[in-house]
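Below is one structure, written out as structure tokens; the observations come after it.
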Amino acid sequence: MKRALPILAVLLVLLAAIALANPHFLEPAGFLAFLKRAAPLVILAAGQYFVIVSGEFDLSVGSLVTAEVVIAARLIDGNESATWPVIALLIVIGLLVGLVNGVVTTKLRVPSFIVTLGMLLILSGAVFLWTGGAPRGALSEGFRAFGRGSLGPVPWSVLILLAMGTAAIWLMRADFGKTLIATGDNERAAALSGVRVDRAKIFAFMLSGLAAAVAAILLGGFAGVSAQVGQGLEFSAITAVVLGGVALGGGRGSVLAAMAGAFTLEALFTLLNLYGISGALEFTVQGVIIIAAVAAGAIRLPRKFTPRRGDAHAAS
């Protein structure tokens with residue numbers, strides 16, 4: 001919890017600034033609408049956290065979200081009875097993509113940056129080939145209810161966010177979380193102490209794929225069908241995680257702080273929008289945040305200099 005305090009303080013400041021610009025924001029309807037918009041990114045950030053804290057990256061989640069929404073629209077095509085089978089299929093696809101990313105990274109020793117970048121291109125190309133750039137089909141009302149419907153006054157997306165967030169926090173407090181952090185901190189030492197490093201990383205990638213599938217279900221209902229629905233989400237998720245103070249090299253950080261980082265990023269974009277600042281600056285803001293967060297981490301944790309044998313001999 002202590003690691004999340006700085007980003008929670010920043011979030012509170014941004015929420016106060018939004019409330020000053022728009023007094024209706026603090027009303028239940030306004031605040032729930034904010035949580036509803038933020039839910040997909042927060043869920044993606046939680047999934048991305050598992051991968052990053054293990055010392056890896058997942059750049060495929062944005063294209064996976066797009067692929068899932070396009071597949072859902074094509075298979076459901078307005079047929080209400082196909083809603084639940086397609087949702088189950090989307091979950092399976094997300095887990096399978098994560099499994100492939102994890103297996104190739106750990107068993108074939110291909111850097112995760114390359115593996116997931118390749119998966120991003122594969123999924124993007126497959127979606128374009130299948131749709132010709134114009135997605136077809138339609139989502140059923142039952143499917144869209146997850147993104148825009150509610151249970152009483154509370155949107156379904158907020159309830160799903162609470163469930164996913166609680167599960168993520170529980171996982172990181174369980175033995176799996178300790179194993180994952182140990183793996184990211186020092187993979188070799190973790191392996192020598194009996195940790196099944198490959199299995200932990202594969203599971204982390206599968207959790208990221210699962211998070212992307214859930215985010216796709218919410219975005220499909222909230223934003224509709226589009227070939228760009230997931231564009232840039234992988235960078236937003238990574239930005240949220242580093243904004244929450246999670247080390248990009250792995251081994252340090254809190255999943256609660258990563259999710260708070262996603263809320264903070266959404267609040268920042270909301271504030272920029274309220275003041276009429278162009279949405280085109282969002283990528284610029286994300287780039288600045290990533291560079292600043294990595295630089296701050298490097299200052300706090302300077303690299304230890306280990307002299308080479310020749311250097312030590314020369315010094316003597």
Derivation of the side chain to side chain contact (heavy atoms under 4.5 Å, CB included) call for Arg74 and Trp130: CA-CA 10 Å; Arg74 189 74 173 268; Trp130 196 26; 3.1 Å; yes
Distance-minimising heavy-atom pair for Ala237 and Leu41: N-CD1, 3.8 Å
Non-hydrogen atoms of Ala204 and Ser54 that approach each other most closely: CB-OG, 4.4 Å
Considering all heavy atoms, the nearest Leu265-Ala240 contact: CD2-N, 4.3 Å
Heavy-atom donor-acceptor pair, Glu234 side chain to Gly62 backbone, under 3.5 Å: yes
Shared hydrophobic cluster, Val13 / Val285 (ILVMFWY, side-chain heavy atoms < 4.5 Å): no
Leu268 CG to Ile289 CD1 distance, which is reported to the nearest 0.5 Å: 6.0 Å
Any side-chain heavy-atom pair of Ile7 and Leu243 under 4.5 Å: yes
Distance (rounded to the nearest 0.5 Å) between Met164 CE and Leu161 CG: 9.0 Å
Side-chain donor/acceptor of Gln48 to backbone N/O of Asp58, under 3.5 Å: yes
Within one Ile-Leu-Val-Met-Phe-Trp-Tyr cluster: Leu20 and Tyr275, side-chain cutoff 4.5 Å: no
Audit row: Glu266, Lys36, salt bridge (Lys or Arg N to Asp or Glu O under 4.0 Å) steps and yes/no: CA-CA 11 Å; Glu266 186 64 37; Lys36 182 178 177 180; over 6 Å; no
Heavy-atom pair of closest approach, residues Val241 and Ala45: CG2-O, 3.5 Å
OG on Ser208 to CZ on Phe50, rounded to 0.5 Å: 9.5 Å
Side chain to side chain contact (heavy atoms under 4.5 Å, CB included) assessment of Leu171 paired with Val255: CA-CA 10 Å; Leu171 273 174; Val255 68; over 6 Å; no
Thr116/Phe205 under side chain to side chain contact (heavy atoms under 4.5 Å, CB included): CA gap, chis, key distance, verdict: CA-CA 10 Å; Thr116 56; Phe205 276 106; 4.0 Å; yes
Distance (rounded to the nearest 0.5 Å) between Arg199 CZ and Thr183 OG1: 11.0 Å
Thr179 and Val197, any side-chain heavy atoms less than 4.5 Å apart: no
Thr264 vs Leu8 side-chain heavy atoms within contact, under 4.5 Å: no
Minimum side-chain heavy-atom gap Glu187-Lys201 below 4.5 Å: yes
Validation row: Met119, Leu123 side chains within 4.5 angstrom (heavy atoms): yes
Exam field: side chain Ser112 to backbone Glu56, donor-acceptor pair closer than 3.5 Å: no
Close side-chain approach of Leu248 to Val242, heavy-atom, < 4.5 Å: yes
Side-chain touch Ile91/Ile217, heavy atoms, less than 4.5 angstrom: yes
ILVMFWY network linking Leu159 to Phe34, side-chain heavy atoms under 4.5 angstrom: yes
Check: Ala257 main-chain N/O paired with Ser254 side-chain donor or acceptor under 3.5 Å: yes
Donor-acceptor under 3.5 Å (Ser140 side chain, Phe143 main chain): yes
Donor-acceptor contact present, side-chain Tyr49 to main-chain Gly253, <3.5 Å: yes
Hphob cluster co-occupancy, Val51 + Leu64, side-chain heavy atoms under 4.5 angstrom: no
Side-chain donor or acceptor of Thr66 paired with backbone N/O of Gly230 under 3.5 Å: yes
Val229 and Val70: CA distance, side-chain angles, deciding distance, side chain to side chain contact (heavy atoms under 4.5 Å, CB included) verdict: CA-CA 9 Å; Val229 66; Val70 169; over 6 Å; no
Closest approach of Asn101 to Ser60 (non-hydrogen atoms, all atoms of both residues): ND2-OG, 3.2 Å
Asp198/Lys107 salt bridge by N-O under 4.0 Å criterion: yes
Leu14 CG to Leu272 CG distance, which is reported to the nearest 0.5 Å: 9.0 Å
Student check: side-chain heavy atoms of Leu15 and Phe25 closer than 4.5 Å: yes
Minimum-distance pair of heavy atoms, taken over all atoms of Gly47 and Ala211: CA-CB, 3.9 Å
Path from Phe128 to Leu59 over hydrophobic side-chain contacts below 4.5 Å: no
Ser236 side, atom OG; Gln231 side, atom CD - distance, nearest 0.5 Å: 10.5 Å
